[in-house]
Amino acid sequence: MRGLPWFAKVYLALVIGAAFALLGHSVVVSGRLERLDWSTLLVLALLFLVCESVPTLLNVRQAAVSVSFSAVLAAVVLVGPEGAALVGMTAVFSVRPGLPLVKRLFNSAQFAICGYVAGWVYQRLLGGRLVTPTIAGFDDLIVPFAGAAAVFVPLNFILIALVLVATGQADQVPLRGLAQFLVSYLGYATFGLLIAGLWATVNSIAAVLVLLPLFVARWAFGQYLAQQRSYDATIAALCQAVETKDYYTRGHCTRVSLASGMIAQEIGMGPERLRAIRYAGMLHDVGKLGVPTKVLQKDGPLTEEEYAAIQLHPMRGLEIVRGIDFLDEAFAGIMHHHERQDGKGYPMGLAGDEVPEFARIIAVADAFDSMTSDRSYRNARTVEVAMAELRKNAGSQFDPVMVTAFIKAIDRDGWEPPRKVVTPPADVVRTATKDHDDPTMPIQVVSER
Amino acid sequence: MSGPSGVRVFQGLDSGQLLLICAAGLLAVAGVAHTAATGLVDPEIALGFGALIAAGELARLTMPGNREVAPIGAAAALGYTLLLDMGGVPAGHSALQVVAVLAVGMVTGALPHLAVGRQPRLDAMARRLLTGALLALAYRPLAGPLFTLAEGGEGNWWPALAVMALLILVMVLIDVLLAAILRAEQVRAAFGVAIHDEMRMAAPLGAAVAASGILLALASHSMDMAALLVFAAPLLVTQVAFRKYAGIRATYLQTVRALSRVTEVGGYVEPGHSRRVSRLAVAVGRELGTAEPELLELEYAALMHDIGQLSLHDPIPGGATVLTDPEQARRIAELGAEVIRQTGVLDRVAEIVRRQCDTCAETPPLASRIIKAANAYDDLVGGSSDRDRAGAALERLRLGSGGEYDPTVVEAMARVIDRMAPLHRL
């Protein structure tokens, strides 16, 4: 609680106070708590607690949507507004180690308020009576239930968004994934209806039956996330292994992946394409291994034959990764990352819009990282110099849109250039005297004829 | 379906699969014929569930290990089988009608897949149909009495629930058994191990499907046909989660397979070496009764066993590690293990790679011994399918001085190679 701005404190106190006032009003003024079905309430509260303790991570990154929402909505139908408020209140006791008391209190208070208001709306739409759903009356429940859910969701969202804004975490308000958020809420609302609808037949077993698939889903999501993390780590490690050949290019693939992701995000790519371009950036140079070391490390100009070997590396890379189930765009990005806007690039000499979008992005990221890294023949250039170089070549080598997007992203988020490379002892490693990615040092080719 | 593609579908099916497909086909024909003769009971209900089964079949997914599942379709089939009443009106459909709806729904759902050129997995579909039909035959006769028990007097739903749960459990067990038999025949896994693997794969999804199926049957009592719509929600979430999981698992394996080729492109090893070693190693591992999770580790380790060579300046001529000096080989193994350990998640794989050069006396893990032998075999034989050369190579491994190779592994490999030989000649 300490360290919070005063308006945040006021807001928290207001919400918590309002929740207790609502509850007190129910107890003292109308004495409505006596009419509650306590056994049902107890089961629902338990259910709510279980769900609240294991928030289901859905696709939205920061927002832990928990299934507990379903339990409150079921309570709205089965035990009315006061009961729903009480069920929501139990959030204080949820098993989440490390959650401070203020957060617990606020959480339970906002659940209680939302539950109470949704219950009130539900009762109004139903015409004031509260009935346990029966077979004949089930269809009549659907509209009031939808109304209750329609009130609950925005209220819940606003209460939480306000606290995030007040405590200076406004950037965490999940506006971006709002649509996804609403869909998952809709799904959870359906579960609430299911639990309430089944109560008449099998009581608490209904909850178990509804929640079992959800817990399995949660388990599967957990497995998926673990595999995803493991996969990312593996692909990075393998790409770095490919780079160990050249002392100076270590970490190049991860940085190009990062920079490509920054550009893609800046121009508003969706999550799936974003992931694809990160992988494409990571893998863009695996084909370099097919280029003989002596060509990569050769001093002075290359013969045409040697240059042809270098020009082949994007194709070699594509050949290696073709078996992976990526988006086709990722393959195009790897294949064409050395094309130029003026059509003088390789391997196909595409120009302008012919160059695939992914390739235009990777080209910028690739050149930028090459310039801001140490090379055996020169020190790293500063970020500013590299950006000026990108701007200078925008239109001829790079796509101006991508350059602008990248510069904007760096101005906002900054860029961490690789650490200074300690010059390796000459007898241990042989190092390249050129870098095919460096736009300031074009590869010299001598004609043999 | 045109002739050649029809042949392709049936090619590569073994006797067990054919038997299963025939049995399922006969059942489907019997079900459809019977329903056509007696007329469809409660056509709206049949149509609703049939549509859901078709949608589920359309949304089927492939789990790790190339196992095809259709959770939504399976749950819908379960719901239709277990259905006691629809909004209080007892459901009177017979077991054979369930089979008919199941068959028609599945075929309808498979048609769009066929239209875009994806061949149906007949054995997987047959298994789904057969187990569904078995459950229907066992349960449908009980549906009437169970409903009277549930509705009459105090309305006790517990017996119905217990019978449903019990029969589903039996059905899942039969399904696992069938899957294990097919698998054992297909990939030559030991039967006990196959049962274990199938059980582990089936448990989470099976639990979700079973719960949803019962849910659907019960929800139809109080919610009428609306149940069909709302019920799909929990399972849809589950399906999405599993699809993502299966997707990343597949991509993972493809990526390791693809990147294992960098050593070939770099000229460090013979083309196709990593893939051949991994195939042989996995086959040997299976022959020796390795369970699936360890088999996956073995495959990763075998694919990446040469990755340490990337740290060398210049490729070893031909890359044949069996012929290079032992110290060099050990260093490559260490370097490779170091690369894999960098991932932070494949520690066991790194350990397998690190110890791939150990002799038997140093008691390396089984996977390391398998890779050592498979690697040596491939270095000697390469991509050739010459039987004499294979025999000579095996002989050399058997004689390997000083307990270089594990005799059990070499014998298992001999059996595997003997089996694979006719395939090579094709």
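These numbers come from the heavy atoms of this one structure, side chains and all, not from hydrogens, waters or symmetry mates. Chain letters run A, B, ... following the sequence lines, proteins first and then strands; every chain starts at 1.
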May I ask you to name which of A:G323, A:A226, A:G287, A:S230 has the most heavy-atom pairs under 4.5 Å with chain B?
-> A:S230
Among the listed options B:G344, B:A210, B:A75, B:A219, the residue most often paired with chain A at heavy-atom distances under 4.5 Å | B:A219
Among B:I214, B:V209, B:V262, which has the most heavy-atom pairs under 4.5 Å with chain A?
-> B:V262
Atom CZ of B:R243: over 12 foreign heavy atoms under 6.0 Å = yes
What do you reckon, is CZ of B:R257 surrounded by more than 12 foreign heavy atoms closer than 6.0 Å?
-> yes
For B:Q254 and A:D325, work out which heavy atoms get closest and say how close.
-> OE1-N, 2.7 Å
Checking side-chain contact (heavy atoms from CB on, under 4.5 Å) for the pair B:L259/A:L283: CA distance, chi angles, key distance, verdict?
-> CA-CA 10 Å; B:L259 290 181; A:L283 293 165; 3.9 Å; yes
OH of B:Y252 to CD1 of A:I324, rounded to nearest 0.5 Å, is 12.5 Å
Test item: side-chain donor near acceptor, A:Y231 and B:T255, under 3.5 Å = yes
Residue pairs fulfilling salt bridge (Lys or Arg N to Asp or Glu O under 4.0 Å) with at least one residue in residues 61-73 of chain B, sequence neighbours excluded = B:R60-B:E68, B:R67-B:E198, B:R67-B:E292, B:E68-B:R128
With distance as the sole test, does B:T343 use its side chain to make a donor-acceptor pair with the main-chain N or O of A:A237 at under 3.5 Å?
-> no
Is it true that a side-chain atom of B:R261 and a backbone atom of A:E319 form a donor plus acceptor pair closer than 3.5 Å?
-> yes
Taking all non-hydrogen atoms of both residues, which atom of B:A258 and which atom of A:V321 are closest, and how far apart?
-> CB-CA, 4.2 Å
CE of A:M315: more than 12 outside heavy atoms within 6.0 angstrom?
-> no
What is the minimum heavy-atom distance between B:Y245 and A:A220, and which atoms define it?
-> CB-O, 4.2 Å
Which portion of B:V265 sits near chain A, non-hydrogen atoms under 4.5 angstrom | both
Taking all heavy atoms of A:L209 and all of B:L215, pick out the closest pair and write down the distance.
-> CB-CD1, 3.5 Å
Short question: side chain of A:Q227, backbone of B:R249 - any donor-acceptor pair under 3.5 Å?
-> no
Please assess A:T234 against B:L346 for the test side-chain contact (heavy atoms from CB on, under 4.5 Å), listing each intermediate value before the final yes or no.
-> CA-CA 8 Å; A:T234 304; B:L346 299 176; 3.7 Å; yes
For B:M86, does the CE atom have more than 12 heavy-atom neighbours from other residues, nucleotides or ligands under 6.0 Å away?
-> yes
Taking all non-hydrogen atoms of both residues, which atom of B:T238 and which atom of A:P213 are closest, and how far apart?
-> OG1-O, 3.2 Å
